[in-house]
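For reference, the structure is listed below as structure tokens.
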Amino acid sequence: MLQINFIKQNADLVKERLAVRNFAHIGLVDELISLDEELRKQKLVSENLQASVNTTSKEIGALMAKGEKEAAEEKKAAVTAWKEEQATVKTSLQALEEEFTGKLLLLPNLPHTSVPKGKTPEDNEVVLEGGTVPQLFAGAKPHWDIIKEYDLVDFETGAKLAGSGFALFKGKGAKLQRSLIQYFLDYNTAAGYTEFAPPLMVNEATAYGTGQLPDKEGQMYHITEDKLYLIPTAEVPVTNVYAQQIVKESDLPIKMTAYSSCFRREAGSFGSDVRGLNRLHQFEKVEVIQLVKPQHSYEVLEEMVNHVERLLQFLELPYRILRLCGGDMGFTSALTYDFEVFSAAQQKWLEVSSVSNFETFQTNRMKIRYKNEEGKTELVHSLNGSSLALPRIIAALLENNQSENGIHIPKALQAYFGAALIEKNG
RNA sequence: GGAGACGUGUCCGAGUGGUUGAAGGAGCACGCCUGGAAAGUGUGUAUAUGGGAAACUGUAUCGCGAGUUCGAAUCUCGCCGUCUCCGCCA
């Protein structure tokens, strides 16, 4: 959530930055500014009335103590009148406040100056490519066929148990996923991230904190009976660990990692994009999250990008890094780098990680602050990234590493998986 | 799920309608004492937001929300959480 004081002092800049996103409701900026002015005016009126009520009530107390009942009754009448006046002000104040916060929640984050203009994924900027795309043999198959052949994932049974878009991992497939999770977590904790195992459901306040609500309401599974949401990413519970806290300056940066299942309704997704492991309602992911001092957040973003990049190098996958354009960037982000791996049999780039700096957009909602060098409390910056999303990594590994003999396991993973090859009779 | 107890500042802990933003203690900071330290001693020690150059000052906050009252940490109701007993249970 943007800060109203910043919006007021930089109205033109805010509009200009929002335009980079192709944000359709730029008019909200001016609306918010005038709403805020009106809000302040009415607040002042209400507070002044309250001040009169407070002081006079104290006087009544003193008069009662002295036994001057009549004088006390006179003052009571005055207070009652003020309170009636205040009641009407409060009613309109409340309505204004609701309108104001409702509208403020609709404003997305301001894109960083390095964010390219653009509307669609085609306008994203390729920052760099790494790794080499393998030459596949003649009988090479897309992963959804490999999975069947090696009996690694059973989509039919997944669909029977839960519905389409739910996978049942099986045998070596399940073990491959488990070994990747273990490897990713070890890699992250070795880099100084503290491991968490968070709740997979969160309440409304938590979902607002990281910005999933109200923007992505329809994307989350909602357990209405208990007013809980299934998390779409570990970012939600883990970033909120420090919500409403003023952390010690010496505790920064706070580095956290978590493995979790992620749940997404993916309403309206169709076509070949969703085939096999490419898009699921439930998938596994390991996430890294940092809370940092504002002045360091862009250095930290680069550090996190490097961290994820090295992981892909260890997995020996061909990858590229994209700087997302304004139109493709998430609601809460100021700058996002996406990582894609090339899945050689489907000849397709698959997004496996998204590393973002949210600056104060999330921490303003969560009120995560620290006392800076001058002793002033200040919002920290929050960042996160996937390291990594499992199903698409598995898809790319299966496709890129297939051979007549079986599927090769990258060296870095062999100790975790317990073998160098997944054999056909497996 | 049933019955009961409880939820106060960094921590412990007082406070059942009126100078209580909140006693007292611990902790912390600064000063005195000391050769130095400990002990002792003095002072200070919440957050947010509005006004003000500042001193200072208005408002809100004793789990959260609503209500009663001229006035609520104190009374009433709802919610959340913690603990104890019972039930159920991986």
Side-chain angles (χ1 to χ4, degrees), chain A residues 1-9 32-102 104 197-209 213 222-229 237 240-252 254 261 294 360 362-380:
Chain A
M1 190 160 65
L2 298 177
Q3 291 161 277
I4 186 62
N5 285 336
F6 181 85
I7 296 175
K8 281 200 303 198
Q9 286 156 22
L32 280 164
I33 292 171
S34 61
L35 273 173
D36 180 68
E37 268 168 34
E38 186 56 31
L39 209 51
R40 272 162 206 275
K41 259 190 229 160
Q42 298 204 13
K43 234 181 215 167
L44 190 66
V45 172
S46 173
E47 280 183 7
N48 285 342
L49 284 167
Q50 186 64 48
S52 307
V53 170
N54 288 349
T55 52
T56 309
S57 290
K58 276 185 189 165
E59 288 165 16
I60 293 171
L63 289 171
M64 299 285 268
K66 281 192 276 181
E68 294 178 31
K69 265 202 153 176
E70 277 168 43
E73 287 304 324
E74 259 174 58
K75 292 202 182 247
K76 273 193 198 182
V79 172
T80 307
W82 285 326
K83 289 197 71 174
E84 270 168 31
E85 195 180 333
Q86 194 190 24
T88 57
V89 177
K90 271 190 173 168
T91 309
S92 83
L93 196 57
Q94 205 182 341
L96 267 176
E97 242 159 20
E98 270 169 36
E99 189 185 352
F100 176 78
T101 48
L104 190 57
L200 302 183
M201 299 178 206
V202 293
N203 58 29
E204 218 173 60
T206 303
Y208 268 101
L213 287 179
H222 188 188
I223 296 134
T224 50
E225 177 112 32
D226 298 292
K227 293 188 183 140
L228 293 170
Y229 292 87
N240 272 283
V241 163
Y242 287 92
Q244 315 299 330
Q245 283 192 36
I246 298 176
V247 299
K248 279 193 230 142
E249 189 196 346
S250 58
D251 290 339
L252 297 174
I254 292 168
S261 295
T360 59
Q362 296 183 323
T363 55
N364 186 33
R365 290 189 178 192
M366 288 180 282
K367 297 287 174 266
I368 307 182
R369 293 155 297 171
Y370 82 108
K371 268 206 204 310
N372 67 16
E373 292 74 4
E374 290 118 50
K376 274 200 83 178
T377 50
E378 196 180 355
L379 294 167
V380 303

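Just the heavy atoms: all of them, side chains too, but no hydrogens, waters or symmetry mates, feed the values below. On a predicted model such as this, the values are computed, not experimentally measured, just so you know. Chain letters run A, B, ... following the sequence lines, proteins first and then strands; every chain starts at 1.
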Inset, instruction - For Asn203(A) and Thr206(A), test the side chains for any donor-to-acceptor distance below 3.5 angstrom and give the result as yes or no. - result: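 Yes - a donor-acceptor pair under 3.5 Å links their side chains.
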Legend entry - Integer-rounded Å distance: G50(B) C1' and Asn5(A) CG: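 In whole Å, G50(B) C1' lies 11 Å from Asn5(A) CG.
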Legend entry - Value in whole Å for how far the P atom of A46(B) lies from CD of Gln245(A):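 For the pair Gln245(A) CD and A46(B) P, the rounded distance is 20 Å.
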Inset, instruction - Could you pull out all residues at least two apart from Glu99(A) that satisfy salt bridge (charged side-chain N to carboxylate O under 4.0 Å, His left out)? - result: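 Expected list: Lys103(A).
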Quick one: does [X]'s side chain get under 4.5 Å of [Y]'s, heavy atoms only?
X	Y	answer
Met1(A)	Arg365(A)	yes
Glu378(A)	Tyr370(A)	yes
Gln86(A)	Gln50(A)	yes
Glu74(A)	Glu70(A)	no
Leu93(A)	Leu39(A)	yes

Legend entry - A53(B) versus U45(B) - spacing of their P atoms, nearest Å: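 To the nearest whole Å, 25 Å.
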Inset, instruction - Could you check whether Ser46(A) gets within reach of a base, just the sugar-phosphate, or nothing at all, counting any heavy atom under 4.0 Å? - result: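 Nothing: the residue Ser46(A), judged by heavy atoms under 4.0 Å, touches no strand.
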Inset, instruction - Answer with base, sugar-phosphate or nothing: what part of the nucleic acid does Lys227(A) contact at a heavy-atom distance below 4.0 Å? - result: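 The residue Lys227(A) makes no contact with any strand.
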Legend entry - All stems with RNA chain B, defined as three or more consecutive Watson-Crick or G-U pairs under 3.5 Å: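 The stems are B:1-7 with B:80-86, B:10-12 with B:24-26, B:27-32 with B:40-45, B:46-51 with B:56-61, B:63-67 with B:75-79.
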Inset, instruction - Choose from U47(B), C70(B), G21(B) the nucleotide whose nearest atom is closest to any side-chain atom of Lys58(A). - result: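 Nearest to the side-chain atoms of Lys58(A), counting from C-beta on, is G21(B).
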Inset, instruction - Using the test side-chain contact (heavy atoms from CB on, under 4.5 Å), find all partners of Lys83(A) that sit at least two apart in sequence or belong to another chain. - result: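 Only Val53(A), Val79(A) meet the side-chain contact (heavy atoms from CB on, under 4.5 Å) criterion with Lys83(A).
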Inset, instruction - Please list, chain by chain and in numerical order, all residues satisfying side-chain contact (heavy atoms from CB on, under 4.5 Å) with Ile33(A), sequence neighbours excluded. - result: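 side-chain contact (heavy atoms from CB on, under 4.5 Å) check on Ile33(A) returns Ile7(A), Lys8(A), Ala11(A), Val29(A), Asp30(A), Glu37(A).
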Inset, instruction - Mind listing the residues from residues 59-72 of chain A sitting with a heavy atom below 4.0 Å of RNA chain B? Number order is fine. - result: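 Residues of residues 59-72 of chain A that come under 4.0 Å of RNA chain B are, in numerical order, Ile60(A), Gly61(A), Met64(A).
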Legend entry - Pairwise 5' ranking along RNA chain B for Lys75(A) and Lys43(A), keeping only the more 5' one: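 Of the two residues, Lys43(A) wins.
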Legend entry - Ion pair check, Lys43(A) and Glu97(A), cut-off under 4.0 Å: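 Yes, charged N to carboxylate O under 4.0 Å.
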Inset, instruction - Using a 4.0 Å heavy-atom cut-off, write out nucleotides 53-64 of chain B from 5' to 3' as B (base contacted by protein), S (sugar-phosphate only) or - (no contact). - result: -----BSS----
